[in-house]
There are 2 protein chains.
Amino acid sequence: MRIGELAERAGTTTRTLRYYESLGLLPARRTGNGYRSYDEDDLRLLQQIRTLRDFGFELEETRPFVECLRSGHPAGDSCPASLEVYRRKLAELDECIGRLSAIRERVGTQLDQAERARARLEAAATAPERAPEPRCELTPPGP
Amino acid sequence: MRIGELAERAGTTTRTLRYYESLGLLPARRTGNGYRSYDEDDLRLLQQIRTLRDFGFELEETRPFVECLRSGHPAGDSCPASLEVYRRKLAELDECIGRLSAIRERVGTQLDQAERARARLEAAATAPERAPEPRCELTPPGP
DNA sequence: GTAGACCTTGACCCCGACGTCAAGGCCAGA
DNA sequence: TCTGGCCTTGACGTCGGGGTCAAGGTCTAC
């Protein structure tokens, strides 16, 4: 199948497939006229990539899974390297959730205090204290 | 005081202050020779901005707090607009934490299954199911 | 008068994962 | 033959929050 069909079947765009190819993540064979040519196995690789991306994996982190599938394993996570990525991701998720929860706590406290201050029609205290270094990206997915 | 001193006292850089000025977030007066000139109030505004940024607020989200302080209120969160931002942020945090927790769950499950499959020396099942649309940025803060 | 420590604006660079042209090649149907 | 729909490569834009020059102006101390 050609690039347009693969993109459609995987629910993505041709631009994305060319980008993956440029990373060496999903190389394509070529037909006589230079068109990219894909088969059902490529679709499976692509689905693996998209699935992991939906889980918040970076593209580079999907590479072990793709390699694993390509080397004949039945699932992308049948290989040790993939399991290692899973574990790293779990740790990352835990840390991120922990940070966000701590911030949530502090923001909630600030809101409570500020609301009470307004309710009492009193001047609020000074600015909130400086947090040590809590940064996880919070921005929701772009349009 | 001039830009260098303000930057140092706030623990940031002159570049950052010029950037904030370009956004209209922290405008500066000018002395005769064109140098930027700041006072203690500007330091307070800047501290408010940095504090909120440490909480993961985007710069635009700090604007209501800064406006609030500039209009004479004792704290940046003394104004309704600021409280509104607090509430939005709380909702955002809750959603983000929820998403990440759900993903954590799924990744954990995947890992368990894959590990058990390997332990049994059996082939794992097919690729993990497609998640609906769970994207929070997970990347840790840059260096 | 001159070093050097500050300041000015302008411009380009970074990250990730693509989106969005632009200019042109290939192929099928009417 | 021509139109329209695919495909190709290449190059630039996006977003946030600044970093990092470069070329030059200003002030203070010696």
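Below, all heavy atoms of this structure are taken into account, side chains as well, without hydrogens, waters or symmetry copies.
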Undergrad: Report the distance from atom CZ of B/Arg63 to atom P of D/dG17, rounded to the nearest whole Å.
TA: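 Rounded to whole Å, this separation is 11 Å.
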
Undergrad: Between A/Glu58 and A/Arg53 (salt bridge meaning N to carboxylate O under 4.0 Å), is one present in this structure?
TA: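 A salt bridge is absent here (no side-chain N lies under 4.0 Å from a carboxylate O).
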
Undergrad: Once you round it to whole Å, what is the distance between C1' of D/dT8 and CG of A/Leu17?
TA: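 Rounding to the nearest Å, CG of A/Leu17 and C1' of D/dT8 are 14 Å apart.
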
Undergrad: Given C/dT8, is OP1 or OP2 found less than 4.0 Å from the side-chain N or O atoms of B/Arg18?
TA: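 True: B/Arg18 side-chain N/O within range (under 4.0 Å) of C/dT8 OP1/OP2.
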
Undergrad: Is a salt bridge present between B/Arg18 and B/Glu21, judged by a nitrogen-to-oxygen distance below 4.0 Å?
TA: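 Not counted as a salt bridge, because no side-chain N and carboxylate O are separated by less than 4.0 Å.
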
Undergrad: Whole Å only: how far is the CD atom of A/Glu60 from the P atom of C/dC18?
TA: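 To the nearest whole Å, that distance equals 12 Å.
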
Undergrad: Quick check: on DNA chain D, is the nucleotide nearest A/Arg15 upstream (toward 5') of the one nearest B/Thr12, or the reverse? Name the residue that is more 5'.
TA: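 Whichever sits nearer the 5' end wins; that is A/Arg15.
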
Undergrad: May I have the distance from A/Arg2 (atom CZ) to C/dC26 (atom P), rounded to whole angstrom?
TA: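 A/Arg2 atom CZ is separated from C/dC26 atom P by 14 Å.
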
Undergrad: If only side-chain N and O atoms count, and only distance matters, is there a donor-acceptor pair under 3.5 Å linking A/Tyr35 with A/Arg29?
TA: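 Absent: no donor and acceptor within the cut-off.
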
Undergrad: Can you tell me how far P of D/dG17 sits from CZ of B/Phe55, to the nearest Å?
TA: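 Taking CZ of B/Phe55 and P of D/dG17, I get 17 Å after rounding.
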
Undergrad: Does the Lys NZ or Arg CZ of A/Lys89 fall within the cation-pi geometry relative to A/Phe55 - under 6.0 Å from the ring centre and within 45° of the axis?
TA: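 Geometry flag: not set, cation outside 6.0 Å or 45°.
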
Undergrad: Output the rounded distance in Å from OH (B/Tyr19) to C1' (D/dG16).
TA: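 Those two atoms, OH and C1', are 5 Å apart.
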
Undergrad: Using every non-hydrogen atom in the two residues, find where A/Leu69 and A/Ala75 come nearest and quote the distance to one decimal.
TA: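 Closest approach of A/Leu69 to A/Ala75: CD2-C, 3.7 Å.
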
Undergrad: Hey, is the side chain of B/Thr13 poking within less than 4.0 Å of OP1 or OP2 on D/dG18, counting only N and O atoms?
TA: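 It does not, given that no N or O in the side chain of B/Thr13 lies less than 4.0 Å from OP1 or OP2 of D/dG18.
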
Undergrad: 5'-most contact on DNA chain C: B/Thr14 or A/Tyr20, nearest heavy atom basis?
TA: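 The answer here is B/Thr14.
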
Undergrad: Take the protein atom CZ of A/Phe57 and the nucleotide atom P of C/dA17, then report the distance between them rounded to whole Å.
TA: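 Taking CZ of A/Phe57 and P of C/dA17, I get 13 Å after rounding.
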
Undergrad: Taking CD from A/Glu5 and C1' from D/dC6, how many angstroms apart are they, rounded to a whole number?
TA: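 Answer to the nearest Å: 12 Å.
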
Undergrad: Please report the closest heavy-atom contact between B/Leu90 and A/Gly108, naming both atoms and the distance.
TA: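 Scanning both residues, the minimum pair turns out to be CD2-N, 3.8 Å.
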
Undergrad: At what distance, to the nearest 0.5 angstrom, does CG of A/Asp77 lie from CD of B/Glu115?
TA: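 The CG atom of A/Asp77 sits 10.0 Å away from the CD atom of B/Glu115.
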
Undergrad: Which residues in residues 28-36 of chain A have at least one heavy atom lying under 4.0 Å from any atom of DNA chain C?
TA: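 Close to the strand are A/Asn33, A/Tyr35.
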
Undergrad: Compare side-chain N and O positions of A/Arg53 against OP1 and OP2 of C/dC18 and report whether any pair is under 4.0 Å apart.
TA: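 Looking at the OP1 and OP2 atoms of C/dC18, one of them is under 4.0 Å from a side-chain N or O of A/Arg53.
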
Undergrad: Side-chain N or O of A/Arg50 versus OP1/OP2 of C/dC18: is the shortest distance under 4.0 Å?
TA: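 Indeed, a polar side-chain atom of A/Arg50 lies that close.
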
